[in-house]
Every structure is written in structure tokens, then in C-alpha cells.
Amino acid sequence: MIFYFAVTATCCTFACMNRIVAIVLSLFAPLTLLAQGECEDTCKHIHGIDLSHYQGDVFWEAVGENAKTAYVYLKATEGGDNIDDKYKRNIELAHANGMKVGAYHFYRARIPQAVQLRNFRAQCLPEDQDLIPMIDIETRSGLPREEFVDSVFKFLKLVEQEYRQKPLIYTGANFYDKNFQHLLDDYKIMIAQYTTREPVLADKRDITLWQYTAKGRIKGVNGHVDKSRFMGDHRLREIRFRHR
């Protein structure tokens, strides 16, 4: 009899524990969905993606049918002579399937700015652009901060002179805080931060776009894809390429 009650009590304890675990999991389920999709299927934020050769051949017909994907940034170049071998195919097919497209350049601080601009300009043709050029800045290439910042602004000035509009700056939240506080106020920025909370920079400046995951999924793309969205009341028209 004592054994019976002990077993029964133990079973009740396990049952109670299971119920508690189920309740806790149900409470955290919305956070899990937020981390995976960042309200992509339910909210009114404007979402987009960026792609490079790492995604291989993209089935653009399927991407173009995704009503939640309003824009795409394509890697065009890196440094002084690196050209993304999928860029020309991607931009042609993205346009053919109704996407708003922009090109981006991965900046290498030790390579002369004029050489990098020449490389980017050969691929990022103004007539092909729906969105302002984006400059991807993720590394100081071993330079001291002051020398690095000087290098970046020389390049940004050349890009602005070439395209007659300021580029969009892409960088990580931590990298921005360490290198760019109060220095990029005249530029629109896309901040990468892969968390469930919206990014807040150390200088509290306004953020135009937030890249919230590097492990997104979208029909038409094999593997992971970077996904981003506009912050607050920002809209797609703010990064439209101004054709002259």
C-alpha cells in the first residue's frame, strides 16, 4: 500500500511537472516565432533580403511572388578587383520578376579608394538601380580607428560624387558603436543585429533598416538568406535611387 501511494504521488508529480513545462513553453513560443521570422508574416514592416554568390542560383520567379519581400540588395563587388559572379544574372532576373533592386560593395580599408570605386562603378550601373548604393563595412583591416575612419569617409565621398547621392551604410551594431558614433548622422544606415530585440545604438541615432537574421528562409533560395526590415515609420521611398 505504501508503495502504491509512493508511485501514485510520483506519477502526479511528473504530471504536474509536464503541465508546468507545457505552460512555460507556450509562454515562450511567441518569442521563438519572433526570433525566426521577426513578425514577417504578421506585421506591417517592409521586409527585404540581400544576396550574393553564396546563395548559388536563385529561382527568382518564386522570390518575386513573395508579397512580403519588397526589395533586394545584391552584392556586386568587394575591394579592388573582386566581382560577385552571380551579380549580373541576379540583377537581370530580379528586375524581370518585379523586384526593387540595389547593389552593394564590401569595403576593404587598405585598398585605395579610387580603385575600389572603379571596381564598383563597373558593375553598379546607375541605369540598373532602383535603390541607392549600399556600402558594407564590417572590418578595419587592421588599421587604427582614426586611420580607418578617414579611409571610409574618403571612399564615401567618392561614391557620393559618382552617383550624386549618399550611399546607404551597412554595418553591425557593435562595429558601429566602436567606430562610428556620431560620425554617420548624414547617412541612412542598415544595422545588423541578430536578436529578438530591436537594435539601439550607443549614440541613440535613428536606424533606417534592421538586418535581423542571417538565417532566414525564403522560397526560391536554397539555404539561409539575410533578411531585413525598415524601422519605425521609414519607407522604401527613402532609399530610392534618384535618376538624373
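When only modelled atom types and interatomic distance are considered, D50 and Q211 share a side-chain donor-acceptor pair under 3.5 Å. Side-chain contact, H234 with D206: a donor N or O sits under 3.5 Å from an acceptor N or O.
Atom CZ of R118 is separated from atom CD of Q123 by 13.5 Å, given to the nearest 0.5 angstrom. For the atom pair Y163 OH and L125 CG, the distance stands at 7.0 Å (nearest 0.5 Å).
K227 and I218 get closest at one heavy-atom pair: CE-CB, 4.4 Å.
The hydrophobic cluster containing L131 also includes I46, Y71, Y73, Y104, I132, M134, L168, Y170, M190, Y194, L209, F230, L236, I239, under a criterion of side-chain heavy atoms closer than 4.5 Å among ILVMFWY residues, counted directly or through chains of members.
Panel note: side chain D203, backbone H182; a donor-acceptor pair is recorded below 3.5 Å. At least one donor-acceptor pair under 3.5 Å links the side chain of Q129 to the backbone N or O of A103. With hydrogens and angles ignored, the 3.5 Å screen pairs no side-chain donor or acceptor of R108 with any backbone N or O of Q116. Between the side chain of S141 and the backbone N or O of L143, no donor-acceptor pair lies under 3.5 Å.
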Worksheet item: Where do Y187 and E160 land on the side-chain contact (heavy atoms from CB on, under 4.5 Å) test, with the steps shown first?
Response: CA-CA 11 Å; Y187 293 87; E160 183 178 351; 4.1 Å; yes
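Sorted pairs that involve residues 234-244 and meet salt bridge (charged side-chain N to carboxylate O under 4.0 Å, His left out), not counting sequence neighbours, are lacking altogether. Among pairs with a residue in residues 127-136, none fulfils salt bridge (charged side-chain N to carboxylate O under 4.0 Å, His left out), at least two apart in sequence or across chains.
If you look at F175 and F148, their ring centroids are closer than 6.0 Å.
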